[in-house]
Amino acid sequence: MELAKTHANDPVAIKILYNSLALICKVFYSLNFQDLPEYFEDNMQTWMAHFHTLLVDENKLLVTNDEDEAGPLELLKSQICDNVAMYAQKYDEEFQQFLPDFVKAIWNLLVTTGPQVKFDILVSNAIQFLASVAERQHYKQLFESQDTLTSICEKVVVPNMEFREADGDLFEFNPEEYIRKDIEGSDFDTRRRSACDLVKALCRFFEEPVTHIFSAYVTQMLQEYTKSPSTHWKNKDSAIFLVTSLAAKSKTQKHGTTEVRELVNVVDFFRANIAADLQSPNVNEFPVLKADAIKYLITFRNMLPADVINAALPCLIALLKSESTVVHTYAALAIERIFTVRLPNGQPAVPAETVKPHVEALLTNLFGALEMSGSEENEYVMKAIMRSLSLMKEEMVPYLKIILGHLKLKLILVAKNPSKPHFNHYLFEAMSLSIRVGCKSNPTEVTAFETELFPPFQEILTTDVQEFIPYVFQIMSLMLELHKDCPEPYMAMFPFLLAPILWERLGNIPPLVRLLQAFVEKGSAQIVASDKVKLIAFKANDGPSWI
């Protein structure tokens, strides 16, 4: 600290010192995370005084012109916010005397920090500090004033939920990263996620006043949007995000929101403000708002009535044609998720009878989305194809030839350079379901699948595409099990299956065992007659080895 004061006017030295201080703060966090060491407890006054000083001090020499990359000053203050948030959560009794000063300092930091990307981590950690304080019972008096809650909404929550230019660039030019942050839960260091966490923390003790205050802001933002949608569409985006944050009381990755706050009517909001964006005939208009609307449906799919979900299905199918990667990806995700929603009686909320009139458009648009630039290996679209086959079953039989043709072409393409493991998995799942559905009533149809799939499978085995070989063995075993005996093409590859190199790869062993079991069941006499049986002698694989 003394060195920082001494070299405050030296641009090179001060940068080195602040980087060092940031590392010291990280070490402090690590040493205090598990438990409060006696040394730090005895010297808490010294540490907290220095933290507070560094938090409020400014040095113009450390201000950077880069609007995207955080500088030493931002990184240091961000880490200090992380440190004091940890103390507020884990060691609140010892930290209590220092809390008011830090709340004031961090509040001032939040209301004076700009919207530039370089401040994102700092603002996120600062808001997380307020959230950690707000959810503690003995700190609730700091927030119970109506003026305080209103100020938090106006100066912290709403500004940090706004859709910025940087978010727009991410949405348009790096959709995979946008989806990863927005849907897959990797947005833990974003302003929006932190603002959402703050809303939830405030609702723990002040649900009614917080809901009323934020509802007024939502109404105001929606009114601004109504006056001029093309100019104020970002207001509606913020309003939807705020309502989603406010309404969701508990949620899971599998089921979405499982409990909503009583003071927020998610069904009425959907009908009044969400449905119109889904139903808009222009699928490329206001793509961010369309993505918001789809995400709202995904989030509250278990809270919305079945008739609302069923009415949304044709809209989602149409949105698969959107040029925006985010929009057609969200549409595919929504279709996949609503197909898994169950009513209290265990029946699907979207039955096969409802989907049947839309099957052709559904398949056309799903496979069409896979042809769009940036979505050639879109795992969400492929998972929606797989889920559609699972739901519709026999209703898909008239379309299986087309489906299999698309899946085969995609397999040939991705086998050249497998790079998306989730996409590849759902691709083979879809193939497996196609075979099961197509051969359920007539097992002899398996020959048609073999005719289509054997050539690419042979190419995969010949070129040793290691990522795909286990899947190939599984599907081959599925097809062989549908025969009454073992056809010659299978017997021709039998010696290849006994090659030691295949059994050296642990991932091959379970599907190989199943395939060999199918050989024994369907062609044991042919195997004995061929005199090809031999011991596979791997001590490490005694369990799955066979004679």
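This is a predicted model, so every value here is computed, not measured. For reference, positions follow the sequence shown, starting with 1.
At least one side-chain heavy atom of Met86 sits less than 4.5 Å from a side-chain heavy atom of Phe33. Using a 4.5 Å heavy-atom cutoff, the side chains of Ser194 and Val123 are not in contact. Counting heavy atoms from C-beta outward, Leu99 and Tyr87 have side chains that stay 4.5 Å or more apart. With contacts defined as side-chain heavy-atom distances shorter than 4.5 Å, the pair Leu17/Pro72 does not qualify. Looking only at side-chain heavy atoms (C-beta outward), Glu285 and Lys290 come within less than 4.5 Å of each other. At a threshold of 4.5 Å between non-hydrogen side-chain atoms, the residues Ile16 and Ile14 do not count as touching. The shortest side-chain heavy-atom distance between Ile298 and Leu333 falls under the 4.5 Å cut-off. Proximity of Trp233 to Phe163: side-chain heavy atoms (C-beta onward) are separated by under 4.5 Å at one or more points.
Applying the ring-ring contact (aromatic ring centres under 6.0 Å, His included) test to Phe300 and every residue at least two apart in sequence or in another chain returns Tyr296. Among residues two or more places apart in sequence or in another chain, the salt bridge (Lys or Arg N to Asp or Glu O under 4.0 Å) test is passed with Lys227 by Glu224. With sequence neighbours excluded, no residue satisfies ring-ring contact (aromatic ring centres under 6.0 Å, His included) with Tyr139. In this structure, Asn365 has no side chain to side chain donor-acceptor pair (under 3.5 Å) partners at least two apart in sequence or on a different chain. Listed by chain and number, the residues in a salt bridge (Lys or Arg N to Asp or Glu O under 4.0 Å) with Glu41 amount to none (sequence neighbours excluded). Qualifying salt bridge (Lys or Arg N to Asp or Glu O under 4.0 Å) partners for Arg505, counting only residues two or more places apart in sequence or in other chains: Asp464. Contacts of Lys420 classified as salt bridge (Lys or Arg N to Asp or Glu O under 4.0 Å), with partners at least two apart in sequence or in another chain: Glu176. By the side chain to side chain donor-acceptor pair (under 3.5 Å) test, Glu154 pairs with Tyr217, sequence neighbours left out. Taking Gln34 as the reference, nothing meets the side chain to side chain donor-acceptor pair (under 3.5 Å) condition, with sequence neighbours excluded.
For the atom pair OG1 (Thr190) and CG (Asp167), the distance works out to 8.5 Å, reported to the nearest 0.5 Å. Note that CZ of Phe423 is 10.0 Å distant from OG of Ser375, once rounded to the nearest 0.5 Å. Note: Asn302 CG to Ile338 CD1 = 11.5 Å, rounded to the nearest 0.5 Å. Summarising the geometry, atom CD1 belonging to Ile385 is positioned 5.0 Å from atom CG belonging to Leu366; distances are rounded to the nearest 0.5 Å. Atom CD1 of Ile24 is separated from atom CG of Leu76 by 9.5 Å, given to the nearest 0.5 angstrom. Between atom CG of residue Asn284 and atom CG of residue Asn282 there is a gap of 6.0 Å, rounded to the nearest 0.5 Å.
Although no hydrogens or angles enter the test, the distance criterion places a donor-acceptor pair under 3.5 Å between the side chain of Ser245 and the main chain of Phe241. Of the possible polar contacts, one joining the Glu376 side chain to the Gly374 backbone as a donor-acceptor pair under 3.5 Å is found. Looking only at distances, no side-chain donor or acceptor of Ser322 sits under 3.5 Å from a matching main-chain atom of Leu319. Checked by atom type and distance alone, the side chain of Thr329 pairs as donor or acceptor with a backbone atom of Thr325 at under 3.5 Å. In this structure a side-chain-to-backbone donor-acceptor pair under 3.5 Å is missing from Asp182 to Tyr178. Looking only at distances, a side-chain donor or acceptor of Thr226 sits under 3.5 Å from a matching main-chain atom of Leu222. With hydrogens and angles disregarded, a donor-acceptor distance shorter than 3.5 Å links the side chain of Glu74 to the backbone of Gly71. The backbone N or O of Asn32 lies less than 3.5 Å from no partner atom in the side chain of Lys90, so there is not a single donor-acceptor pair. Arg387 places no side-chain N or O within donor-acceptor distance of the main-chain N or O of Arg337, the cut-off being under 3.5 Å. Side-chain N or O atoms of Asn43 include one that pairs as donor or acceptor with a backbone N or O of Tyr39 at under 3.5 Å.
Shortest non-hydrogen contact noted between Lys77 and Leu54 is CE-O, 3.5 Å. Residues Phe143 and Ile152 come closest through the heavy atom pair CD2-CD1, 3.5 Å. In terms of heavy atoms, Ala195 sits closest to Ile127 at N-CG2, 3.9 Å. Asn125 approaches Ser78 most closely through the heavy-atom pair ND2-OG, 2.6 Å. Here the closest heavy-atom approach between residue Ile80 and residue Cys25 is recorded as CG1-SG, 3.9 Å. The minimum heavy-atom distance linking Ala318 with Val283 is given by the pair O-CG1, 3.6 Å.
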Review point. Does the pair Arg164 and Asp120 meet the rule for a salt bridge (Lys or Arg N to Asp or Glu O under 4.0 Å), with working shown?
Key: CA-CA 12 Å; Arg164 301 170 300 166; Asp120 282 3; 2.8 Å; yes
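Ion pairing of Lys118 with Asp66 is absent here, as no side-chain N (NZ or NE/NH1/NH2) approaches a carboxylate O to less than 4.0 Å. Salt-bridge formation is not detected for the pair Asp197/Arg192: no Lys NZ or Arg NE/NH1/NH2 atom is positioned less than 4.0 Å from an Asp or Glu carboxylate oxygen.
There is a side-chain donor-acceptor pair under 3.5 Å between Ser250 and Thr258. Side-chain polar atoms of Asn424 and Glu467 form no donor-acceptor pair below 3.5 angstrom. With 3.5 Å as the limit, one finds a donor-acceptor pair spanning the side chains of Gln79 and Asn83.
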Distance-only donor-acceptor hits, side chain of residues 200-214, under 3.5 Å, sequence neighbours excluded:
{"from": "Arg204", "atom 1": "NH1", "to": "Glu135", "atom 2": "O", "distance (Å)": "2.8"}
{"from": "Thr211", "atom 1": "OG1", "to": "Glu207", "atom 2": "O", "distance (Å)": "2.6"}

Tabulate below the donor-acceptor pairs under 3.5 Å that side-chain atoms of residues 261-280 make, not counting sequence neighbours, or state none.
{"from": "Arg261", "atom 1": "NE", "to": "Leu246", "atom 2": "O", "distance (Å)": "2.9"}
{"from": "Asn265", "atom 1": "OD1", "to": "Val267", "atom 2": "N", "distance (Å)": "3.2"}
{"from": "Asn265", "atom 1": "OD1", "to": "Asp268", "atom 2": "N", "distance (Å)": "2.9"}
{"from": "Asn265", "atom 1": "ND2", "to": "Asp268", "atom 2": "OD2", "distance (Å)": "3.0"}
{"from": "Asp277", "atom 1": "OD2", "to": "Lys236", "atom 2": "NZ", "distance (Å)": "2.7"}

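Within a 6.0 Å sphere centred on CD1 of Ile317, heavy atoms belonging to other residues, nucleotides or ligands number more than 12. Environment of CD in Glu323: sparse, with no more than 12 heavy atoms of neighbouring residues, nucleotides or ligands closer than 6.0 Å. Around NZ of Lys234, the count of heavy atoms belonging to other residues, nucleotides or ligands within 6.0 Å exceeds 12. Heavy atoms of other residues, nucleotides or ligands lying less than 6.0 angstrom from CD of Glu67 number 12 at most.
A cation-pi arrangement is absent between Lys295 and Tyr330, since the terminal nitrogen or guanidinium carbon is not both under 6.0 Å from the aromatic centre and inside a 45° cone about the axis.
Ring orientation note: the planes of Phe428 and Tyr471 are close to parallel, at an angle under 30° on the 30°/60° scale.
Listed by first and then second residue, the ring pair (Phe, Tyr, Trp, His ring centres under 6.0 Å) pairs that reach into residues 100-126 are His52-Phe102, Phe95-Phe102, sequence neighbours excluded.
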